[in-house]
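First the proteins, then the strands, lettered A, B, ... as listed; each starts at 1.
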Amino acid sequence: MNANLKVYNTLSRKKEVFEPLNAPFVGMYVCGPTVYSDPHLGHARSNINFDVIFRYLTYLGYKVRYVRNITDVGHLTDEVSDAGEDKIQKKAKLEKLEPMEVVQQYTNSFHQMLKKINVLPPSIEPRASGHIPEQIKITNEILQNGFAYESNGSVYLDIEKYATRYAYGELSGRNTEDLLEGTRALEGQEGKKNAMDFALWKKASPEHLMRWDSPWGEGFPGWHVECTAMSTKYLGKQFDIHGGGMDLQFPHHESEVAQANACFGCNPAKYWLHNNMVTINGQKMARSLGNFIAAEQLFIGEHPLLERPYSPMTVRFFILQAQYRGTLDFSNEALIAAAKAYKKIINGLKAVKKLAQDPEKPIATNEALNEEIVKLCEDCFTGLNDDFNTAAAIASLFNLLKKINSFSTLATDVHTISIDTFAQMQKTYIDVVENILGLVEEKITDSDGFIHNLLELYSEAKAQKDYPKVDKIRAYFKAEGLLIKDSKTTVDWQYEE
RNA sequence: GGUCGCGUGGCCGAGCGGUUAGGCUGAGGUCUGCAAAACCUCCUACAGCGGUUCAAAUCCGCUCGCGACCUCCA
């Protein structure tokens, strides 16, 4: 466990020391996607950011229960007026599919992307449609607590009433009175007392496909109530972390806070974490804006804005090179730089795994170097502890990598650092890269034996000074995206950067 | 219009009162049959204008520019 971890809490607008409600257990809920189309770079970012948070908390020794939902019902194209259509249903009609077929297709697509970018599965991945009774129950309780009203088969949360006890807007920094005032003019929203009121349950129109029985007639749950139902079911009325994209802060998360207060009398989460957006030409990437690049397009390079394909790990690295609370601008130049840097990290991983100190050889400790390496190892965690600053952690990693490479090329004798420091260096690099940042080697080829044999031929040719042959073998490697590394005593290969 | 946030070197992107961020690109060097890789060195920026301070990219004010949320969006 680590008392040094600080996280930025949207609720307080400050960095706070992370202290779980019931250590060593940590409950974390993150809003997943509405599955009506293929996931894009923005989804990749959010999922990677929270994946690292999940991984790091686990690494620190916490027993994390990570719940990430799939929204497969109730999310409308327009939440304010009653004119909105269910996003899943709209897509289903368009493609002449069952709504659940749409859900399955894009859930699969989402999972495929996550697997490629090495995002760990959550502990529980509940679906909104699988929790209708729970959502009805919560709606009922809010109704009984007097914070909601029924109107023509729908149930709405009564913001004006709610505001007499709680501050609607505390999470997103909004003033309840302003909100009510600003919308009071908008009359004629069927059934709502106030335009700010949001639906907990909606009556299904005759043509609506996804519908369930309820005490208020046939209908479907409102968008926000699913998260309250699923988070409290699996994590309790109060849990540690609630996360999601910044764009969900209002109204989605604000409404979740309201529902939890209205139902249980408490804010559901101690820490609210929000990741910032991926931008493209300075503008937010979003499905509704049509300026998105789907993850799969990125991997195969098929999009007018892409100069070339970028591998899943390149994308992961690109995302982690920025702190999660800042915007991250897409550009080919930045992705190309990320691709090179990623390969450098992975070549370092290969190198550090091969390094070993010979127990027969005496250790002649170079105190200055020793200290420097210990410091560099600690720096990696200083970054992570500061609100999961992966950008800072990666910077430290590169500094550490310089030392690793100098040992690897024999420029510096690995026996000049102590056994403990050597072990710490190896462990830190491997842990941070693989286990925490989740960056793994993307094998270009699995014919390791073949490579090994070719390298032997290469060495022989070199020994015989048969340079035409040497160059030819190099060319073969290059064609496969690999490089031969010569050093005084050995020959090895690595990925071309 | 309201609320909030941001503007860092050729590009991306940390830092947020005093210490080299880091990556990519570019230049030079070591090594090498030539390369590549690796290592070393260099290119030292914080939108503008004021102010606070011994000291500001970092705090305050103003100006300019950009964006997010206020329907849905990770």
Sugar-phosphate, base or nothing in reach of A:Ala341, heavy atoms under 4.0 Å: sugar-phosphate
Whole-Å gap separating C1' (B:A35) and NZ (A:Lys462): 9 Å
A:Thr382 backbone acceptor or donor facing A:Asn385 side chain under 3.5 Å: no
Touch class at under 4.0 angstrom, heavy-atom based, for A:Val278 against every strand present: base
Protein-nucleotide distance (A:Ile319, atom CD1; B:G22, atom C1'), rounded to Å: 18 Å
Nearest-angstrom distance, P atom, B:G23 to B:G18: 22 Å
Any strand: nucleotide that pairs with B:U19 via Watson-Crick or wobble, under 3.5 Å: none
Nucleotide forming a Watson-Crick or wobble pair with B:C66, both distances under 3.5 Å: B:G5
Proximity of A:Phe220 and A:His208 rings by center, below 6.0 Å: yes
Touch class at under 4.0 angstrom, heavy-atom based, for A:Ile484 against every strand present: base
Integer angstrom distance from the P of B:C60 to that of B:G29: 48 Å
Watson-Crick or G-U wobble partner of B:C31, both distances under 3.5 Å: none
Mate of B:A37 where both pairing distances stay under 3.5 Å, Watson-Crick or G-U: none
First encountered from the 5' end of RNA chain B, between A:Pro33 and A:Thr409: A:Thr409
C1' spacing across the pair B:G28 / B:C64, given as an integer number of angstrom: 40 Å
Options B:A74, B:C11, B:U25, nucleotide nearest the side-chain atoms of A:Ser46: B:A74
For atom CZ of A:Phe398 and atom C1' of B:G22, their distance in whole Å: 7 Å
Residue mapping more 5' on RNA chain B - nearest nucleotide basis, A:Ala395 or A:Arg287: A:Ala395
B:C24 pairs with, by Watson-Crick or G-U criteria that keep both distances under 3.5 Å: B:G10
Sugar-phosphate, base or nothing in reach of A:Asp329, heavy atoms under 4.0 Å: sugar-phosphate
Side chain to side chain, A:Phe317 and A:Ile394, heavy atoms closer than 4.5 Å: yes
Closest nucleotide among B:C24, B:G13, B:C72 to the A:Lys87 side chain: B:C72
P-based separation of B:C54 from B:A45 [nearest Å]: 25 Å
Touch class at under 4.0 angstrom, heavy-atom based, for A:His40 against every strand present: base
Spacing of A:Asn276 atom CG relative to B:G7 atom P, expressed in whole Å: 11 Å
Whole-angstrom distance between B:U20 and B:C43, as gauged at atom C1': 14 Å
Sugar-phosphate, base or nothing in reach of A:Asn47, heavy atoms under 4.0 Å: nothing
Full working for side chain to side chain contact (heavy atoms under 4.5 Å, CB included) between A:Arg325 and A:His274: CA-CA 7 Å; A:Arg325 282 191 296 114; A:His274 292 98; over 6 Å; no
Sugar-phosphate, base or nothing in reach of A:Ala411, heavy atoms under 4.0 Å: nothing
Euclidean distance, atom CD1 of residue A:Ile394 to atom P of B:C12 [Å, nearest integer]: 18 Å
Sugar-phosphate only, base, or nothing, as touched by A:Lys478 at under 4.0 Å among non-hydrogen atoms: nothing
Touch class at under 4.0 angstrom, heavy-atom based, for A:Gln283 against every strand present: sugar-phosphate
Sugar-phosphate, base or nothing in reach of A:Lys284, heavy atoms under 4.0 Å: base
Integer angstrom distance from the C1' of B:C62 to that of B:C70: 27 Å
Touch class at under 4.0 angstrom, heavy-atom based, for A:Pro39 against every strand present: nothing
Integer angstrom distance from the C1' of B:C16 to that of B:G5: 15 Å
side-chain N/O A:Lys344 vs B:C24 OP1/OP2, d < 4.0 Å: yes
Under 3.5 Å donor-acceptor pair, A:Asp486 side-chain atoms to B:A35 base atoms: yes
Flag side-chain contact, heavy atom, 4.5 Å: A:Pro268 against A:Phe239: yes
Touch class at under 4.0 angstrom, heavy-atom based, for A:Lys465 against every strand present: nothing
Phosphate contact (B:U32 OP1 or OP2) by A:Lys485 side-chain N/O below 4.0 Å: no
Chi angles and distances behind the side chain to side chain donor-acceptor pair (under 3.5 Å) call for A:Thr327, A:Asp329: CA-CA 6 Å; A:Thr327 54; A:Asp329 200 48; over 6 Å; no
Interatomic distance at C1', B:U53 relative to B:A68, whole Å: 34 Å
Residue pair A:Met313 / A:Asn118: nearest heavy atoms and the distance that separates them: CE-CB, 3.4 Å
Sugar-phosphate, base or nothing in reach of A:Tyr467, heavy atoms under 4.0 Å: base
Interatomic distance, A:Phe388 CZ vs B:A14 P [rounded to whole Å]: 16 Å
Side-chain donor/acceptor of A:Arg474 to base of B:A36, under 3.5 Å: no
Centroid-centroid distance, A:Phe198 to A:His224, less than 6.0 Å: yes
Identity of whatever pairs with B:A57 - Watson-Crick or G-U, under 3.5 angstrom: none
Sugar-phosphate, base or nothing in reach of A:Asn389, heavy atoms under 4.0 Å: sugar-phosphate
A:Gln321 CD to B:C11 C1', straight-line distance once rounded to whole Å: 12 Å
Whole-Å gap separating P (B:C39) and CG (A:Asn405): 4 Å
Test item: side-chain donor near acceptor, A:Arg127 and A:Ser129, under 3.5 Å: no
Nearest to side-chain heavy atoms of A:Lys402, which nucleotide of B:A35, B:C40, B:G13: B:C40
